[in-house]
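Here is the structure we will look at, set down as structure tokens.
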Amino acid sequence: MKAKLLRLFLPIALVFTMVSCSKDTDSDSSQEYRLVTSYDYSAEESDLIQRINDYRESIGKSRLQIVNHISYKSYEHNEYMIDNNVVNHDYFDDRVNNIKHVLGAVRVGENVAYNFSSPTSVLNAWLNSPGHKANIEGDYTHFGVSISVNPTTGKRYYTNIFMKK
């Protein structure tokens, strides 16, 4: 019985989701490509920025230039993850397209994390993960960082987006 109900409602839910996404994208298109020039970095965000650049320098890589627009896009993704109680890369293609259009990026990468207590602990976790480490050590020129705290749980969400111009 449950399986029959699921088969009945799944196509309806899928159609509703597709229609909703299309409308949201169309209605926000005028603001989608607006350059964000201001971002207030917390002490933890500044610490993570410094630690990532210090690590890159320690392995002979160039330091990355921080870009407020990318940090804002990172912040938006953190807010999405908090609002939806998920940790993922949903809508990554939208962020890539935005950063390519607004900033002229040729390549974009992203690291996300959840529930680490400090910039040091999240960076260590990323460096112990081959995919995340590859982004940190990658051929990028710019980046952005956001750390957001879920007001209900107090848990931290991290998004770090890299760009090559």
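Below, each value reflects all heavy atoms present in this structure, side chains not excepted, and no hydrogens, waters or symmetry copies.
In this structure the side chain of His77 never reaches within 4.5 angstrom of the side chain of Glu79, judged on heavy atoms. The shortest side-chain heavy-atom distance between Leu48 and Asn160 does not fall under the 4.5 Å cut-off. Residues Leu35 and Leu103 are in side-chain contact: their nearest non-hydrogen atoms beyond the backbone lie under 4.5 Å apart. Taking the side chain as every heavy atom from C-beta outward, Ile70 and Val145 never approach each other to under 4.5 Å. Between Tyr140 and Arg107, the closest side-chain pair of non-hydrogen atoms falls below 4.5 Å.
Remark: Tyr55 pairs with Glu137 by the side-chain hydrogen bond (donor to acceptor under 3.5 Å, both in side chains) rule, at least two apart or across chains. Among residues two or more places apart in sequence or in another chain, the side-chain hydrogen bond (donor to acceptor under 3.5 Å, both in side chains) test is passed with Glu110 by His89, Arg95. Remark: Glu44 engages Ser42, Pro119, Ile147, Arg156 in a side chain to side chain contact (heavy atoms under 4.5 Å, CB included) (not counting sequence neighbours). Judged as a salt bridge (Lys or Arg N to Asp or Glu O under 4.0 Å), and not counting sequence neighbours, Lys155 has no contacts. With sequence neighbours excluded, the residues forming a side-chain hydrogen bond (donor to acceptor under 3.5 Å, both in side chains) with Asn111 are Asn135, listed by chain and number. Thr141 meets the side-chain hydrogen bond (donor to acceptor under 3.5 Å, both in side chains) test with no other residue; sequence neighbours excluded.
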Audit row: Ser71, Ser74, side-chain hydrogen bond (donor to acceptor under 3.5 Å, both in side chains) steps and yes/no: CA-CA 5 Å; Ser71 293; Ser74 298; 5.6 Å; no
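Here the side chain of Asn88 pairs a donor or acceptor atom with the backbone of Asp90 at under 3.5 angstrom. The closest donor-acceptor contact from the side chain of Asp47 to the backbone of Ala43 lies at 3.5 Å or more, if one exists at all.
Ile99 is not connected to Phe162 by any chain of hydrophobic side-chain contacts under 4.5 Å among Ile, Leu, Val, Met, Phe, Trp and Tyr, and they are in different clusters. Under the 4.5 Å side-chain heavy-atom criterion for ILVMFWY residues, no single connected hydrophobic cluster contains both Tyr72 and Phe92.
Other residues, nucleotides and ligands contribute at most 12 non-hydrogen atoms within 6.0 Å of the CG atom of Asp40.
Between Tyr158 and Trp126, the angle of the ring planes goes over 60°, which puts this pair in the perpendicular group of the 30/60° scheme.
Scanning all heavy atoms of the two residues, the minimum distance from Tyr33 to Asn98 falls at CE2-CA, 3.7 Å.
For an aromatic pair to be called close, the ring centres must be under 6.0 Å apart, and Tyr41 with Tyr39 satisfies this. When ring centroids are compared, Tyr80 and Tyr91 come within the 6.0 Å threshold.
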